[in-house]
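Taking it in order: structure first as structure tokens, then the write-up.
Reckoned from all heavy atoms, side chains included, excluding hydrogens, waters and symmetry mates. Counting starts at 1 for both ligands and their atoms, following the listed order.
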Amino acid sequence: MPDATILGIESSCDETGAAVVRSGREVLSNVVASQITTHQPYGGVVPELASREHLRAIVPVVRQALAEAKHTYESVDAIAVTQGPGLTGALLVGISFAKALAFALEKPLIAVNHLEGHIHAVLLERQSGNGDLEFPVLALVVSGGHTHLYLARREGTSWTYQNIGHTRDDAAGEAFDKVAKLLGLGYPGGPIIDRLAPHGDPAGVKFQTPQLKHRDRRDREKTDADPEHPRFDFSYSGIKTAVLRHVKVQNLSPAIEARRKALAGIDEPKIEDYLHLCDRQTLDLVASFQRSIVDDLVARTLAAAREHDVRTLFVSGGVAANQELRQSFARKAEMEGLPLFFPSRALSTDNAAMIAAAAYPKFLAKEFVSMDFSAEAGMRLGAVVRSCSP
Ligand code: KG4
Ligand code: ZN
């Protein structure tokens, strides 16, 4: 396959990313400017602030990525950019910049689905080449905005995707963020809960596994019946409500308020600060919440893997950085004899190397976009596989 060096640009949410990747796998540079400190006081991403921060960061981030890769604007073969899903204003910053570069440099422009980027992040670290990869691959993309299961196949150099499950309400990362906020632990919640959970008892609080027996009306309207396979949907808003109920019943609110205030007064709180501010009850709650989400993600994904007789499992997206999730998947996949691949923890969360990686097959297939393409906030990946209730 011909070599190609692609400059990738990512600006779908709260990270401005630029990266230079050779032939879909060799990361020459990967620069990410995080906006966490901008959004932290608000406890979540503020779309207007995100666009403003992307505008500020995009030029220096792209320049740094080229410099670190020892490349120039002229020496890359193509420009790739995230088209969606994401925040429209944020996406448009990356897209406008990528279009301007492609136009001025007369380089091909490639539009990439952010979710496909998360899936291809896995390939960046498979050193053995991907000729040995066995298909179909089952890919779980688990992030702040998505908990999606895709069956991925390869036709020639192109990849195709079928969605066989998604969250019916909150994404898993969203549940981590909301529960952390609820417990006065700050934003983003996933990394904090990840570090606190080993200090609590995961059996301390009993949470019910989400039951998804009945498809709601909106869902039924969106889907046709597929007698072949059930869907493998997720739901995490119930567990968030259960945490809220637990907080009320156990009267944890005064301690939560005190913790929130204390953490707001610490510049960059360390794990010791969090531990100092969390009693046993809170640590048990955090550990039990994480255990419940991890068990559900692993069980549903492996059930889907068996149903579709897949040959390989990918787990990617921000929540794939979670230690307990990685360990649990590793254990269970091994028991099933299923090859399992994660991106490194750094490439699990949003970055532009994954966008440049996903763009490579499109470069080979000459799947370029014209200057009139635009952001697609609700962009889907592949076909939705339709089915009756699981
Ligand atoms: O993929 P990502 O960077 O952005 C989206 O596309 O959403 O994922 C961000 C999400 C956030 O909800 C964050 O709390 C969660 O991933 N996350 C984690 C961890 N690191 C990030 N969740 C659990 N454990 C982690 N270590
Ligand atoms: Zn993402």
Above 12 or not: heavy atoms from other molecules or residues under 6.0 Å from CZ of Arg63?
no

Can you establish whether the number of heavy atoms outside Glu334 located under 6.0 Å from its atom CD is more than 12?
no

Excluding sequence neighbours, so at least two apart, what forms side chain to side chain contact (heavy atoms under 4.5 Å, CB included) with Ser23?
Asp3, Tyr360

Which label fits Phe176 and Phe289: parallel for a plane angle under 30°, tilted from 30 to 60°, or perpendicular past 60°?
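Rings of Phe176 and Phe289: perpendicular, as their planes differ by over 60°.
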
Geometric class of the His120/Tyr161 ring pair [parallel <30°, tilted 30-60°, perpendicular >60°]
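Rings of Tyr161 and His120: perpendicular, as their planes differ by over 60°.
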
Members besides Val76 in its Ile/Leu/Val/Met/Phe/Trp/Tyr cluster (side-chain heavy atoms under 4.5 Å):
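In the cluster with Val76 are Leu7, Ile9, Val20, Leu28, Leu55, Ile58, Val59, Val62, Leu66, Tyr73, Ile79, Val81, Leu91, Val93, Ile95, Phe97, Leu101, Phe103, Leu105, Leu109, Val369, Met371, Phe373.
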
Whether Pro191 lies under 4.0 Å from ligand 1, heavy atom:
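Judged by the 4.0 Å heavy-atom criterion, Pro191 does count as contacting ligand 1.
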
Please check: side-chain N/O of Lys99 versus main-chain N/O of Asp372, any donor-acceptor pairing under 3.5 Å?
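No: the side chain of Lys99 does not pair with the backbone of Asp372.
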
What's the shortest distance from [atom] to any protein heavy atom, and which residue and atom give it?
atom	answer
atom 22 (N) of ligand 1	Gly190 CA, 3.3 Å
atom 3 (O) of ligand 1	Asp350 N, 3.0 Å
atom 7 (O) of ligand 1	Gly144 N, 2.9 Å

Numbering as shown, the atoms of ligand 1 that approach His118 to under 4.0 Å (heavy-atom distance)
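Answer for ligand 1: 1 (O), 6 (O).
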
Could you list which atoms of ligand 1 come closer than 4.0 Å to a heavy atom of Gly145?
7 (O)

Out of [options], whose heavy atom sits nearest [atom]?
atom	options	value
atom 12 (O) of ligand 1	Asn351, Asp177, Val319	Asp177
atom 24 (N) of ligand 1	Leu325, Asn322, Val32	Asn322
atom 8 (O) of ligand 1	Ala172, Gly318, Gly173	Gly318

To the nearest 0.5 Å, tell me how far Glu116 CD sits from Gln83 CD.
11.5 Å

I need the contact type for His114 against ligand 1. Using non-hydrogen atoms and a strict under-4.0 Å cut-off, is it side chain, backbone, both or neither?
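Contact part for His114 vs ligand 1: side chain (C-beta onward).
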
For ligand 1, indicate whether the residue Asp194 contacts it via side chain, backbone, both or neither (heavy-atom separation under 4.0 Å).
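Side chain only; the backbone of Asp194 stays clear of ligand 1.
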
Is there a side-chain contact between Asn113 and Pro85 (heavy atoms, below 4.5 Å)?
yes

Pairs satisfying side chain to side chain donor-acceptor pair (under 3.5 Å), at least one member in residues 268-277, at least two apart
none

Looking only at side chains, do Glu324 and Gln290 share a donor and an acceptor under 3.5 Å apart?
yes

Near the Zn ion (ligand 2), meaning under 2.8 Å, how many protein N/O/S atoms are there?
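The number of such protein atoms is 3.
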
